[in-house]
Number of protein chains: 2
Amino acid sequence: MHGFGSVPVFDDILAAERRLAGHAVRTPLLESERLNNEAGLRILIKPEMLQKTGAFKFRGAYNRICMIDPATRKKGVVAYSSGNHAQAVAFAAHQFSVPAVIVMPADAPKLKIEGSRRFGAEIIFYDRNAEDREAIGEAVAKERGMTLVRPYDDTHIIAGQGTIGLEIADDLEARGIRSGSVVAPAGGGGLVAGTALALSHRLPEIRVFSAEPAGFDDHKRSLESGARVANEAGPASSADSLMALIPGVLTFEMNRSLLSGGFSVDETAIHHAMRILFHDFRLIAEAGGATALAAVMAHKDRFQGEPVVAVCSGGNVDAETLLRILQDVT
Amino acid sequence: MHGFGSVPVFDDILAAERRLAGHAVRTPLLESERLNNEAGLRILIKPEMLQKTGAFKFRGAYNRICMIDPATRKKGVVAYSSGNHAQAVAFAAHQFSVPAVIVMPADAPKLKIEGSRRFGAEIIFYDRNAEDREAIGEAVAKERGMTLVRPYDDTHIIAGQGTIGLEIADDLEARGIRSGSVVAPAGGGGLVAGTALALSHRLPEIRVFSAEPAGFDDHKRSLESGARVANEAGPASSADSLMALIPGVLTFEMNRSLLSGGFSVDETAIHHAMRILFHDFRLIAEAGGATALAAVMAHKDRFQGEPVVAVCSGGNVDAETLLRILQDVT
């Protein structure tokens with residue numbers, strides 16, 4: 001089984017917004033005149049590195065855990081994740097005072113492992129190349145009577161991430177903007193799917209695109225071919241949060257009709273975007289979190305004449321890694 | 001003449017809020033469970049490094065320039081500043097399409113000099129130890145028919161900074177918080193004065209404190225003695241934005257009755273706070289911008305049992321400087 005439930009509807013996102021009020025950070029849209037001048041574009045940043053646990057993932061995780069009936073919830077939750085969903089589930093479970101088990105690849109960034117442990121979660125490591133994390137997660141859930149909180153193929157996870165689309169719509173309308181583009185990174189595709197669903201109801205003239213690192217452009221290729229295609233085995237990306245093998249079932253069902261296309265960007269473009277976020281916005285982005293801005297900067301011709309929002313999805317990067325990237329050009 | 005106009009009243013802050021709507025960034029309050037656990041306190045961060053030009057100063061500068069009658073405004077504005085007010089005035093003037101002259105110390109951070117030049121301002125350098133920046137600014141203003149936009153001793157500058165207090169009050173009330181403390185850094189004292197004035201009307205049980213680097217604790221000593229006292233000449237602080245010689249006339253008139261006290265913190269504490277903002281909030285703070293959080297962490301006993309807000313006033317720090325500070329303990 002790849003998914004939980006069915007694709008969300010707009011009302012699920014509105015319900016998620018009510019559940020998250022007072023729990024998730026309501027992030028602003030930010031803008032830099034220097035960057036706009038450099039790019040010849042009006043670029044707006046949605047800084048989800050400011051979200052609880054440093055990534056948008058808290059929105060979906062908290063919303064999903066809210067939806068478990070209290071008697072079942074008490075037994076705990078299980079999640080598999082390379083890191084940001086893990087930390088979000090660990091923290092959300094902690095807020096409900098229920099146990100959490102996290103199934104993480106042994107090569108997950110140390111920072112994300114520590115971030116998950118911090119809130120009392122039990123970590124089970126697996127080998128990214130040899131083991132099936134879903135099978136491990138399902139087995140633990142069954143054994144212990146815990147609820148599996150999937151990273152993207154879940155109605156209420158997608159609906160939670162979709163609250164980002166509602167906030168973007170509010171903030172664009174406050175600026176008198178009703179058309180343009182939104183670019184969001186895609187791992188399993190829940191963030192971009194939820195965001196696109198919200199915007200399709202609130203500002204239907206806005207186009208929504210996915211952004212991925214080169215070599216992990218399964219969404220882009222799936223959108224082009226009309227069916228879910230997987231990534232080839234290849235070298236890892238510095239965007240560890242965007243290395244999902246293939247688009248989700250539910251998320252792709254949504255994205256194939258809601259998205260206007262997908263971008264893929266190389267490491268150089270991603271690192272350039274991390275430097276922009278540092279210098280022009282005073283924000284720390286992890287590579288995956290800078291990928292949408294990288295796509296905007298690498299494909300400026302696609303956004304001429306209209307504002308574009310880059311969703312910066314997370315900032316969980318080891319200081320050493322960030323410093324190396326910043327110093328590359330200093 | 002040290003000041004412009006009289007001390008602001010609460011209505012001036014409400015008027016500033018209306019002028020700034022859609023121009024200034026409405027920054028959120030952020031919180032980290034890891035930090036709260038470490039500190040044994042509930043700490044909320046007001047991240048003004050996300051403000052336009054990277055510091056709270058844009059609020060006052062924009063509000064002040066709004067208030068100049070259009071015929072006079074067309075002739076331009078003059079400001080003296082070590083950097084953050086300079087960049088804010090340069091950017092605000094640019095938005096009104098009027099010329100700006102900035103009088104800056106020759107040893108101002110390169111980043112802040114470039115940030116001021118970026119928007120077309122003319123820069124006049126002076127020697128921090130030998131020349132009087134106010135006299136230079138006043139002479140330029142008189143010669144060219146320009147309006148002097150003072151960094152803190154001005155009704156509408158203070159009122160603009162006070163919008164931070166309104167936002168903090170809104171965000172505390174949304175969390176059901178009606179008592180506790182707010183700590184804000186003090187250079188000339190406009191930020192803490194405006195913030196305290198807003199809070200005294202909105203949440204009168206909240207105590208407001210100033211924070212300064214050791215050696216530049218003129219507010220702390222002035223509050224203790226009841227009269228404005230200046231700093232002794234001494235070594236510079238890494239908190240270049242907080243090196244004003246003596247509290248402002250208008251700002252001290254407000255602060256002496258509105259503040260509950262002042263803190264001073266050493267360089268080690270400030271750098272520790274910069275690292276917290278980096279690791280726990282994914283935010284870049286300059287030393288001055290981290291000084292209020294440093295004061296909270298160094299004086300935890302003063303805030304036991306109630307929430308405390310640290311106003312993080314700016315993030316304009318050269319990458320090399322920040323990296324050096326981050327690497328000091330890695």
Q. Counting only heavy atoms not in A:K110, do more than 12 fall under 6.0 Å of its NZ?
A. no

(Q) Nearest 0.5 angstrom please: B:E33 CD to A:F119 CZ, how far? (A) 5.0 Å

Q. Using a cut-off of under 4.5 Å for heavy-atom pairs, which of B:V317, B:V25, B:T27, B:L50 has the most such pairs with chain A?
A.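 The residue among B:V317, B:V25, B:T27, B:L50 with the greatest pair count is B:L50.
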
Q | Nearest heavy atoms of A:L283 and B:I284, plus distance in Å | A | N-CG1, 4.0 Å

Q: With a 4.5 angstrom heavy-atom cut-off, could you sort out which part of A:T53 is near chain B: side chain, backbone, both or neither?
A: backbone

Q) Can you say whether A:L30 sits under 4.5 Å from chain B via the side chain, the backbone, both, or neither, judging by heavy atoms? A) side chain

Where on [X] is there a heavy atom nearer than 4.5 Å to chain A: the side chain, the backbone, both, or neither?
{"X": "B:D318", "answer": "neither"}
{"X": "B:F278", "answer": "both"}
{"X": "B:L322", "answer": "side chain"}
{"X": "B:Q51", "answer": "backbone"}

Q.
Taking A:M49's backbone N and O only, do any of them form a donor-acceptor pair with B:R282's side chain (distance below 3.5 Å, no angle check)?
A. yes

Q: Name the member of A:R34, A:K52, A:R26, A:R175 that forms the most heavy-atom pairs with chain B at distances under 4.5 Å.
A: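 Max contact count across the listed options: A:R34.
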
Q: Give the member of A:G22, A:P28, A:G54 that has the highest number of heavy-atom pairs under 4.5 Å with chain B.
A: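 Ranked by contacts with chain B, first place is A:G54.
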
